[in-house]
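Have a look at the structure below, then the notes.
Naming: A, B, ... by sequence-line order, numbering from 1 per chain. Keep in mind that the numbers below use all heavy atoms, side chains included, and drop hydrogens, waters and symmetry copies. None of these values were measured; they are calculated from a predicted model.
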2 protein chains.
Amino acid sequence: MAKPTRKRGADRRDDALSRDRVVEAAIALLDTEGEHGLTFRALAARLATGPGAIYWHIANKRELLAAASDAVVARAMAGVAGHATPRKAIRGIAVGVFEAIDAHPWVGAQLSRGPWQTATLQIFERIGRQVQALGVAPAAQFTAASALVNYIVGVSDQNAANGRWFEPAVDRAEFLETVSAQWKGLDPHAYPFTRAVATQLRKHDDRVEFLAGIDLILAGIAAAR
Amino acid sequence: MAKPTRKRGADRRDDALSRDRVVEAAIALLDTEGEHGLTFRALAARLATGPGAIYWHIANKRELLAAASDAVVARAMAGVAGHATPRKAIRGIAVGVFEAIDAHPWVGAQLSRGPWQTATLQIFERIGRQVQALGVAPAAQFTAASALVNYIVGVSDQNAANGRWFEPAVDRAEFLETVSAQWKGLDPHAYPFTRAVATQLRKHDDRVEFLAGIDLILAGIAAAR
DNA sequence: ACCTGAACACCGTTCAAGT
DNA sequence: ACCTGAACACCGTTCAAGT
C-alpha cells in the first residue's frame, strides 16, 4: 500500500496552530471581550502558546483584524438566501450584513474604514451582481453599487456602535429615548433639523428605517434608467 | 474706574494651555505625522509641557480626536458658500466634506466610525436642512439625510484612505491603474463584477464619480415625492 | 518548519508634588 | 486652578534559542 499523499501539515497534531485556528480564536476573543480585548498576549493564552508563535501565521494585527472580518462576512454572505428579484436579493444582502455587524460589532468598525479590504469587496461584489441584474448601464454600475455598499456598511456600523454604548439589559426603546433626548438637548439655534427628527427617532424601528434607505437608493437607481 | 469684568482665564499668559490650544496642536500633529503620530508625549513636547498637563483640559484621547474632527468639520462647513437651490447646496456641502477629509485623512477615519459624534452631526444637520428645503415629507427626512451623510462620509474616507497607501509623489492616474490592476487580479470566478468595473475605474474622476452618487440619491429622494 | 518567551520600544493614563 | 514628570500597567513586535 502506497503512502497517502500528504498535503502541507496534514500530519500535524490537532492542537497545532494554523492561520485558521488563529483567526477563529481572534473572532471568539473579539466577540466576548470586545475590540480592545484582542491582544497578542490574550490570544496566545487562549491558544496555549507564546505571543511570538502567532506571527508565524499572521503578519500583524491589521492583517488579523482583516482576516477575522473577512471570515465573518463570508459566513454572512453564505447564509443569504436566494431571491426571486434583484431588488429582493439586495435587501437580503443588506439585512445579512446588518445582522452580522449587529452580532459582531467590531466588524462594523473594520468595514466602515477605508480602504476597502476583501471583506468589503465581498459585499461590493454581491451587491454589484444584483445591480447588473437590475439592468443598470455599465457606466453607472460602480456608482450604484458604491452608494448601496456605503449606506449598508455605514448604517450597520452606526447601529452596532450605538448598541455598544449601553448594557445589553437596556432595551431598545429606552435607548432610543436616550438618543432622542440627547439630540433634543442640542443647541436649538445650531441644530433645528436634528432636534426635529429626534422626535420621530423615538418610535423608529431600526430595521424598517434601514430598509427604507435601501429602497430610497433603489428608487434613485430606477429613476436613472 | 471699575476693574474690567474678567472671564475665566482672561488674564492667562499667552503661552498657557487651553482646550483650544491643545486641540489645535493635535490637529497640526495629526496633519504632519498622521494618525499614529498623535501621542500625549509628542503633543506635550509640542506644547512644551508634560503629558499629564493635557489631561487638565481634555478627558482622554477619544475626546481629543473627537474635538479635533469637530473643529476641522466646523471650519469646512463655514467655508461652504450659499447656493441658489437645495440641490446645489447639498452638492456644495458634500464637496466641502470631501475636500476636508482629503486634506485631513484622519478625519475620515473618525467620522466613518459610529456612533455619530458632533462632527458628523454638524454634517447631518446641514444636509438635513436642505432635505427639508427640498420639500421631503417629515417622516422621510431622516432616511434621506442619513443616506446622503453615510454616502458622503463613506466615499470621502475611502478616497482619503486610498491616497494614504501611496507616497504623495505617485500621481492619481498611476494609483488608479494600480487599484484597477489589483481588482482585476482577483479570482475571476469569485469576483466577476468587481473585475468588470475595475476597467472603468481606470479612467474615472473621483470627484465626478462622487457627485454622481449624490445625484443618484437625490433622484431617489425626488422619486419618493 | 514551527514554536517559545524574554526583551525592546513604545503607549494612555494617573497622581503625588509643586506653583 | 493649573502644571509637572515619574511611574504604572499595559501594548505590538522582534528574535535568539529551542524542537
Per-nucleotide protein contact string for nucleotides 14-19 of chain D (B base, S sugar-phosphate only, - none; heavy atom under 4.0 Å): BB----

For [Y], does its backbone N or O pair with a side-chain atom of [X] as donor and acceptor, under 3.5 Å?
| X | Y | answer |
| --- | --- | --- |
| B:Arg113 | A:Arg113 | no |
| B:Gln117 | B:Ala66 | no |
| A:Gln122 | A:Asp70 | yes |
| A:Asp157 | B:Gly114 | yes |

What's the [atom1]-[atom2] distance between [X] and [N], to the nearest Å?
| X | N | atom1 | atom2 | value |
| --- | --- | --- | --- | --- |
| A:Ile58 | C:dC3 | CD1 | C1' | 15 Å |
| B:Leu17 | D:dG5 | CG | C1' | 14 Å |
| B:Leu65 | C:dG12 | CG | C1' | 13 Å |
| A:Asn60 | D:dT13 | CG | P | 5 Å |
| A:Ile54 | C:dA6 | CD1 | P | 15 Å |
| A:Arg62 | D:dG12 | CZ | C1' | 13 Å |

If you measure from the Lys or Arg side-chain nitrogens to the Asp or Glu carboxylate oxygens, is any gap between A:Arg207 and A:Glu99 under 4.0 Å? yes

So, are A:Glu35 and A:Lys61 salt-bridged, with charged N and O less than 4.0 Å apart?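 Salt bridge between A:Glu35 and A:Lys61, a charged N being under 4.0 Å from a carboxylate O: no.
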
Contacts of A:Phe124 that satisfy ring pair (Phe, Tyr, Trp, His ring centres under 6.0 Å) - sequence neighbours left out: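 Listed in chain order: A:Trp116, A:Phe142, B:Trp183, B:Phe193.
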
Of all residues at least two apart in sequence or in a different chain, which pass the ring pair (Phe, Tyr, Trp, His ring centres under 6.0 Å) check with A:Tyr191?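 With sequence neighbours excluded, A:Tyr191 shows a ring pair (Phe, Tyr, Trp, His ring centres under 6.0 Å) to no residue whatsoever.
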
Given Watson-Crick and G-U pairs under 3.5 Å, DNA chain C in dot-bracket ([ ] crossing, | other strand) is ||.|||||...|||||.||

Does a nitrogen or oxygen in the side chain of A:His36 sit under 4.0 Å from OP1 or OP2 of D:dC10? no

Has B:Trp56 got a side-chain N or O lying under 4.0 Å from the OP1 or OP2 atom of D:dC3? no

Is there side-chain contact between B:Val73 and B:Leu111, with at least one heavy-atom pair below 4.5 Å?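 With C-beta onward as the side chain, the pair touches.
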
Should B:Glu63 and B:Arg19 be marked as a salt bridge (Lys or Arg N to Asp or Glu O under 4.0 Å) after you check the CA-CA gap, both sets of side-chain angles, and the distance that decides it? CA-CA 11 Å; B:Glu63 190 182 302; B:Arg19 190 184 151 98; 2.8 Å; yes

Could you list by number each residue of residues 37-46 of chain B showing a heavy-atom separation from DNA chain C of less than 4.0 Å, or answer none if no residue does? B:Leu38, B:Thr39, B:Phe40, B:Arg41

I need the full list of side chain to side chain donor-acceptor pair (under 3.5 Å) pairs touching residues 145-154 of chain B, with sequence neighbours left out, sorted by first then second residue. B:Ser146-B:Asn150

